[in-house]
Amino acid sequence: MCGRYTFFMRGRDLEDRVEEDLEETVDWRDSALDRYQPSYNVEPSTLNPVVDAGSQAKITLQRWGLVPHWADSDDDWNLINARSESVDDKPVFREAFESRRCLVPAQGFYEWSDREGPSIPYRFVPRDDPDDLLYLAGVYESWEPSTSQSDLSSYGGGTDDADTGEAGAWFGDVRYSILTEPATRPVEEVHDRMPVMLTSHELPTWLTGEPKDARKLLDNHVVPEDYLRGYRVSREVNSPANDRPELLAEVSG
DNA sequence: CCAGACGTTGTT
DNA sequence: GTCTGG
DNA sequence: CCAGACGTTGTT
DNA sequence: GTCTGG
């Protein structure tokens with residue numbers, strides 16, 4: 001699974017890096033850059049930078065945990081992961097897969113050991129360049145509370161996306177889910193699932209390709225064995241309230 | 001036809 | 001045990 | 001994902 | 001909304 005990750009790159013650096021990797025200009029929308037704070041412990045339900053593509057690629061803040069557009073309440077649905085094997089098939093994800101795929105920037109992710117006993121967290125990063133940017137495959141969808149709920153002011157607060165009318169008009173209510181696939185080494189030593197990490201070669205197809213090509217991409221997707229390195233981190237990571245650079249440090253186990 | 005589920009994870 | 005909040 | 005709460009009544 | 005089960 002993927003239920004916690006890290007992303008602490010400066011906003012301007014992310015913008016530059018995404019432009020370089022997509023070979024096109026990208027913009028932060030809705031003053032997202034002003035609101036963005038680095039995190040050493042990104043948890044579900046928080047707002048995080050996500051790259052999506054309409055007429056132009058853009059970076060916005062989205063909430064982690066997809067809620068289907070037809071849900072009456074966001075209490076019952078909070079889908080933080082989608083299985084890559086079935087994301088194009090399941091009613092809850094199918095429309096998002098077809099027309100709302102996105103990239104979730106991350107610098108490493110956490111997994112907790114399956115084994116008995118206390119939950120031990122491990123962090124996984126690219127072996128050759130630990131701080132390098134990962135693009136996790138995602139899908140997203142807008143959710144708004146029904147108008148019969150009175151307190152609309154507690155949601156949104158963003159600006160209109162007047163030119164396209166795309167999802168994003170209500171800034172906190174665009175919600176994403178991160179795809180998972182069977183884990184390979186070294187993640188499999190700790191856990192049996194891991195996030196889908198896209199290569200720069202795969203980015204254009206995932207962002208703007210036809211659904212059938214996105215499906216093929218997932219079918220053909222291979223992460224080189226030992227592309228990642230895993231190391232044990234402090235159990236302080238377990239508590240979502242903890243968020244500081246020291247969480248990245250390796251501890252002996 | 002209508003009613004009810006619709007997801008993942010891990011755990012049993 | 002199960003649900004909610006972060 | 002993990003941590004932490006998990007309730008009602010009446011009163012402020 | 002759309003799919004599945006009865």
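In what follows, chains carry the letters A, B, and so on, assigned in the order in which the sequence lines appear, proteins first and then strands, with residues in each chain numbered from 1.
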Phosphate oxygens OP1/OP2 of [N]: is one of them under 4.0 Å from a side-chain N or O of [X]?
X         : N      : value
Thr180(A) : dT9(B) : yes
Arg94(A)  : dC3(E) : yes
Ser239(A) : dC2(D) : no
Ser45(A)  : dT4(C) : no
Arg83(A)  : dT9(B) : yes

Provide the Watson-Crick or G-U wobble partner of dA5(B), both distances under 3.5 Å; none if there is no partner.
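Answer to the pairing question: dT2(E), which forms a Watson-Crick or G-U pair with dA5(B).
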
Centre of Phe97(A)'s six-membered ring, under 6.0 Å away, within 45 degrees of the axis: is that where NZ or CZ of Arg101(A) sits?
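So Arg101(A) does make the cation-pi contact.
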
[X] side chain, from C-beta outward: closest of [options]:
X         : options                : result
Pro91(A)  : dT9(B), dA3(D), dC6(B) : dC6(B)
Lys90(A)  : dC2(D), dT8(B), dT9(B) : dT8(B)
His69(A)  : dT9(B), dG1(E), dC2(D) : dG1(E)
Glu95(A)  : dC6(B), dC2(D), dG1(E) : dG1(E)
Arg4(A)   : dA3(D), dG7(B), dG6(C) : dG6(C)
Trp112(A) : dT8(B), dC2(D), dC6(B) : dC2(D)

Atom-to-atom span, [atom1] of [X] to [atom2] of [N] - whole angstrom:
X         : N       : atom1 : atom2 : value
Arg193(A) : dT11(B) : CZ    : P     : 15 Å
Trp64(A)  : dG7(B)  : CH2   : C1'   : 15 Å
Glu181(A) : dT8(B)  : CD    : P     : 14 Å

Base, sugar-phosphate alone, or nothing: which one does [X] contact when heavy atoms must sit under 4.0 Å apart?
X         : result
Asp192(A) : sugar-phosphate
Ile80(A)  : base
Ser39(A)  : nothing
Tyr110(A) : nothing

Taking only the [atom1] atom of each, what is the distance from [N] to [M] in whole angstrom?
N      : M       : atom1 : answer
dC2(D) : dT12(B) : P     : 14 Å
dT9(B) : dC1(D)  : P     : 8 Å
dC6(B) : dG5(C)  : P     : 23 Å
dT8(D) : dT4(C)  : P     : 14 Å

Decide, applying a 5.5 Å centre-distance limit and a 30° plane-angle limit (both strict), whether Trp70(A) stacks on dC6(B).
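Stacked: centres under 5.5 Å apart, planes under 30°.
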
Give a yes-or-no answer on whether the side chains of Tyr176(A) and Asn48(A) include a donor-acceptor pair shorter than 3.5 Å.
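Side-chain D/A pair, Tyr176(A) to Asn48(A): present.
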
Thr205(A) and Asp213(A): side chain donor to acceptor below 3.5 Å
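No.
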
Regarding Arg185(A) and Glu225(A), does a basic nitrogen lie under 4.0 Å from an acidic carboxylate oxygen?
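Answer for the salt bridge query: yes.
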
Students often mix this up, so state it plainly: with edges at 30° and 60°, are the rings of Tyr40(A) and Phe8(A) parallel, tilted or perpendicular?
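Parallel, since the angle between the ring planes stays under 30°.
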
Mind telling me whether Trp77(A) and Trp70(A) have parallel, tilted or perpendicular rings, with 30° and 60° as the class edges?
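Aromatic pair Trp70(A)/Trp77(A) classed perpendicular.
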
